Amino acid sequence: MGQVTYWAAMSDLLRETLREVLYGPDGLSGLFSAPGDGLLRAAHALTLDDLRAAPGLAGRVMALRHALDLTALRLADPHALLSDPTDPQGWQPTGAQAWRDELVNLARAGQALYDALYLPLTPAAQREAHGAVLHAAREAALLQHWRGLRPH
């Protein structure tokens with residue numbers, strides 16, 4: 001397999017993996033989750049009461065969004081900087097609208113990374129993208145686990 005073909009195949013695999021992490025697998029099971037267990041669904045299931053009961057959880061979601069945003073930006077420009085100055089550590093939404101806004105921003109960041117995976121990527125950029133996808137998978141698993149532990 002030629003090097004160009006190899007890197008194109010890796011980008012395809014990263015896009016498919018990111019799609020599964022964000023939305024869950026198409027089939028009966030995936031590498032990281034079961035159907036309906038994607039990151040976005042797990043984050044959308046969290047309520048303000050959940051976020052109050054688990055300090056730091058909202059900040060983790062924001063930190064993940066920052067990581068996805070920054071990775072997407074850096075894939076296009078290795079010198080890009082994150083434009084959101086909000087410190088995720090200790091961040092708590094001030095109300096339902098602030099949480100909804102953060103969820104919309106998380107979905108946009110996921111889509112921005114997905115779109116950036118169509119760019120011609122160097123091996124270093126591929127590694128950075130792979131790290132961001134694995135980070136998102138880990139955070140999705142944490143949210144899904146937390147969702148399973150909370151009282152219904």
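Here the structure is a predicted model, which is why all the values come from computation and not from measurement.
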Residues Asp69 and Arg108 bridged, charged N to O under 4.0 Å | no
Would you find a donor on one side and an acceptor on the other, under 3.5 Å apart, between the side chain of Trp99 and the backbone of Leu46?
-> yes
Ala125 backbone acceptor or donor facing Arg74 side chain under 3.5 Å = no
Verify the cluster assignment for Tyr23 and Leu117: are they in a single hydrophobic cluster under the rule of side-chain heavy atoms below 4.5 Å apart?
-> yes
For the hydrophobic clusters of this structure (ILVMFWY residues joined by side-chain heavy atoms under 4.5 Å, transitively), does one cluster hold both Leu119 and Val133?
-> yes
Show your reasoning for whether side chain to side chain contact (heavy atoms under 4.5 Å, CB included) applies to Arg100 and Val104.
-> CA-CA 6 Å; Arg100 280 191 297 273; Val104 167; 5.6 Å; no
So do Glu102 and Pro93 actually touch side chain to side chain, heavy atoms under 4.5 Å?
-> no
In this structure, are over 12 heavy atoms from other groups packed under 6.0 Å from Gln97 atom CD?
-> yes
NE2 (His66) with more than 12 external heavy atoms under 6.0 Å | yes
Do we get Arg15 above Tyr118's six-membered ring, with its NZ or CZ under 6.0 Å from the centre and within 45° of the axis?
-> yes
Quick check: closest heavy atoms across [X] and [Y], and the distance to 0.1 Å?
X: Ala129; Y: Thr71; result: CA-CG2, 4.0 Å
X: Ala98; Y: Trp91; result: O-CH2, 4.3 Å
X: Ser11; Y: Leu121; result: OG-CD1, 4.3 Å
X: Gln92; Y: Ala58; result: OE1-CB, 3.7 Å
X: Ala43; Y: Leu106; result: CB-CD2, 4.0 Å
X: Leu68; Y: Ala109; result: CB-CB, 3.8 Å

Please check if any side-chain donor atom of Asp49 sits under 3.5 Å from a side-chain acceptor atom of Thr47, or the reverse.
-> no
Point-to-point distance, once rounded to the nearest 0.5 Å, from [atom1] of [X] to [atom2] of [Y]:
X: Arg60; Y: Leu51; atom1: CZ; atom2: CG; answer: 13.0 Å
X: Leu13; Y: Glu16; atom1: CG; atom2: CD; answer: 8.5 Å
X: Arg41; Y: Leu39; atom1: CZ; atom2: CG; answer: 12.5 Å
X: Leu70; Y: Asp84; atom1: CG; atom2: CG; answer: 11.0 Å
X: Asn105; Y: Met62; atom1: CG; atom2: CE; answer: 8.0 Å
X: Glu139; Y: Leu57; atom1: CD; atom2: CG; answer: 9.0 Å

By side chain to side chain donor-acceptor pair (under 3.5 Å), which residues pair with Asp77, not counting sequence neighbours?
-> none
Go through the structure and list residues passing side chain to side chain donor-acceptor pair (under 3.5 Å) with Asp87, not counting sequence neighbours.
-> none
Side chain to side chain contact (heavy atoms under 4.5 Å, CB included) evaluation trace for Leu134 with Thr17 = CA-CA 9 Å; Leu134 289 178; Thr17 303; 6.0 Å; no
